[in-house]
Amino acid sequence: MPATRTLLLLLLATVGLALPSGAPKCRITDTTIMQGHAVTMSNQGFTLSAPVRIFLSYLSLALACLLLFACLSIGSGSDTDNCRSPQATYTPGGAAMTITVNNAQATAFMGILAYVSVGSTQDSTLTAMGLTANPPAHVGAFQNLAAMGLRAQTTASCAAQNVTNEAAESTITHNAPLQATTPYSLTWTPPAADQGTVTVNMVISIGTKGTPYQILTSVQIASSAGTAAAGTTSSAGAVNVAATSSAVAATSAAVTTKSSAATSAATSAATSAAVTTKSVATTAAANGITTATITVANSISVVVVTAT
């Protein structure tokens with residue numbers, strides 16, 4: 001009897017764990033997770049962060065100082081939303097980077113589903129809107145999965161939701177109930193090709209059915225290839241001051257040329273109008289016609305003609 005009771009308790013414990021071998025889906029959908037957990041999503045204090053790589057040249061340092069001054073000058077109010085921390089960046093085909101889960105309470109968790117999708121919109125926002133036909137691709141690849149008790153999501157799960165993974169490890173979940181605590185770090189290798197801005201998506205489960213889960217606020221990671229388009233960069237990643245200055249000078253010259261052309265056109269038109277007016281007045285006088293000019297609003301002149 002004791003052995004039977006022990007086996008029964010173990011079976012109940014296994015059933016009680018929420019998805020002990022990993023999440024069954026390839027995308028984060030709140031309604032689906034809520035049904036599996038039998039509770040609604042709640043904020044458990046988990047946050048995401050990705051490293052920001054800053055390369056400062058003299059020009060970028062000056063711009064940073066100006067931005068800081070502008071932010072301090074704004075003071076309190078909604079406008080301060082424009083003063084935010086620099087965005088994390090990845091280099092296509094470049095070095096791996098660390099994505100970290102934080103929690104001030106060092107809360108432990110047992111389940112996870114994570115992926116990085118193309119675009120700047122959190123994927124759970126798209127699934128909540130029912131946009132499931134053409135989901136954004138999952139890109140890059142997470143590393144060291146086995147050592148962390150994680151696994152790649154199954155091909156069948158992703159195919160069922162029309163998700164394209166760049167690599168098998170583009171979408172990951174737990175292989176067995178985790179005993180993870182924060183800070184919890186994942187190593188992610190960027191996509192081989194430039195994908196523009198990408199979004200880190202993650203949901204964390206505290207553990208058993210009936211216990212909380214949280215869909216974390218996403219983090220966006222910009223492509224260094226995309227940011228380079230705004231200004232030439234050197235091999236060290238710093239802004240090339242000479243190239244940027246040349247671009248500014250060229251733009252200034254173009255504006256000056258356009259302004260000069262507009263001024264010349266206006267002067268020519270004014271001169272032509274004056275000559276025409278003088279010619280009309282001379283002709284009128286020669287034929288015994290008296291003219292009087294009345295100027296009204298906006299410098300519009302009306303000529304009153306009187307025959308003598």
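- S205 and H37 get closest at one heavy-atom pair: OG-CE1, 2.9 Å.
- Of the listed residues (T100, V219, V200, V101), just one forms a side chain to side chain contact (heavy atoms under 4.5 Å, CB included) with S49, and that residue is T100.
- The line from CG of L113 to CG of L150 is 11.0 Å long, rounded to the nearest 0.5 Å.
- Between the side chain of T127 and the backbone N or O of I28, at least one donor-acceptor pair lies under 3.5 Å.
- Here the shortest heavy-atom pairing between T98 and P51 reads O-CD, 2.8 Å.
- Of the possible polar contacts, none joining the Q122 side chain to the N201 backbone as a donor-acceptor pair under 3.5 Å is found.
- To the nearest 0.5 Å, atoms OG (S42) and CD1 (I215) are separated by 10.5 Å.
- Within the model, atoms CE of M202 and OG of S218 stand 11.0 Å from one another, a figure rounded to the nearest 0.5 Å.
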Requested in this report: Would you check, one step at a time, whether the test side-chain contact (heavy atoms from CB on, under 4.5 Å) holds for Y115 with V163?
Outcome: CA-CA 11 Å; Y115 52 92; V163 173; over 6 Å; no
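- Side-chain N or O atoms of Q161 include one that pairs as donor or acceptor with a backbone N or O of C26 at under 3.5 Å.
- For the atom pair CG of L186 and CD of Q143, the computed distance is 10.5 Å after rounding to the nearest 0.5 Å.
- Using a 4.5 Å cut-off on side-chain heavy atoms (C-beta onward), L145 and R151 make no contact.
- The cluster map of Ile, Leu, Val, Met, Phe, Trp and Tyr, joined by side-chain heavy atoms under 4.5 Å apart, puts I99 and F109 in the same cluster.
- Remark: the backbone N or O of Y90 is paired with a side-chain donor or acceptor of S224 at under 3.5 angstrom.
- I112 and F46 fall within a single hydrophobic cluster, where Ile, Leu, Val, Met, Phe, Trp and Tyr are joined by side-chain heavy atoms under 4.5 Å apart, directly or via other members.
- Looking at heavy atoms from C-beta onward, T182 lies out of side-chain contact with N102 at the 4.5 angstrom threshold.
- The two residues A96 and T189 make their nearest non-hydrogen contact at CB-OG1, 3.9 Å.
- In this structure, Q195 and S117 have side chains that are not in contact, with every pair of non-hydrogen atoms separated by 4.5 Å or more.
- D30 and S124 share no side-chain donor-acceptor pair at under 3.5 Å.
- Residue I206 holds its CD1 atom at 6.5 Å from OG1 of T211, rounded to the nearest 0.5 Å.
- L216 is not connected to M41 by any chain of hydrophobic side-chain contacts under 4.5 Å among Ile, Leu, Val, Met, Phe, Trp and Tyr, and they are in different clusters.
- Side chain of S170 to main chain of G140: a donor-acceptor pair is present (N/O by atom type, distance under 3.5 Å, no hydrogens or angles).
- H138 contributes no side-chain N or O that, together with a main-chain N or O of N165, makes up a donor-acceptor pair within less than 3.5 Å.
- Side-chain contact between D123 and P136: present, with at least one pair of heavy atoms (C-beta onward) separated by less than 4.5 Å.
- Formation of a donor-acceptor pair under 3.5 Å by the T173 side chain with backbone atoms of A23 is found in this model.
- The CD1 atom of I204 sits 11.5 Å away from the NE2 atom of H174 when rounded to the nearest 0.5 Å.
- A continuous path of hydrophobic side-chain contacts links L48 to Y184 [ILVMFWY only; heavy atoms under 4.5 Å].
- Between the side chain of E166 and the backbone N or O of A192, at least one donor-acceptor pair lies under 3.5 Å.
- I33 and I172 fall into different hydrophobic clusters, where Ile, Leu, Val, Met, Phe, Trp and Tyr side chains are chained together by heavy-atom contacts under 4.5 Å.
- Closest approach of G207 to M110, counting heavy atoms only: CA-SD, 3.4 Å.
- Scanning all heavy atoms of the two residues, the minimum distance from S223 to D194 falls at OG-OD1, 2.7 Å.
- No side-chain donor-acceptor contact under 3.5 Å links Q44 to the backbone of Q214.
- Minimum heavy-atom separation, P191 to V139: CB-CB, 4.0 Å.
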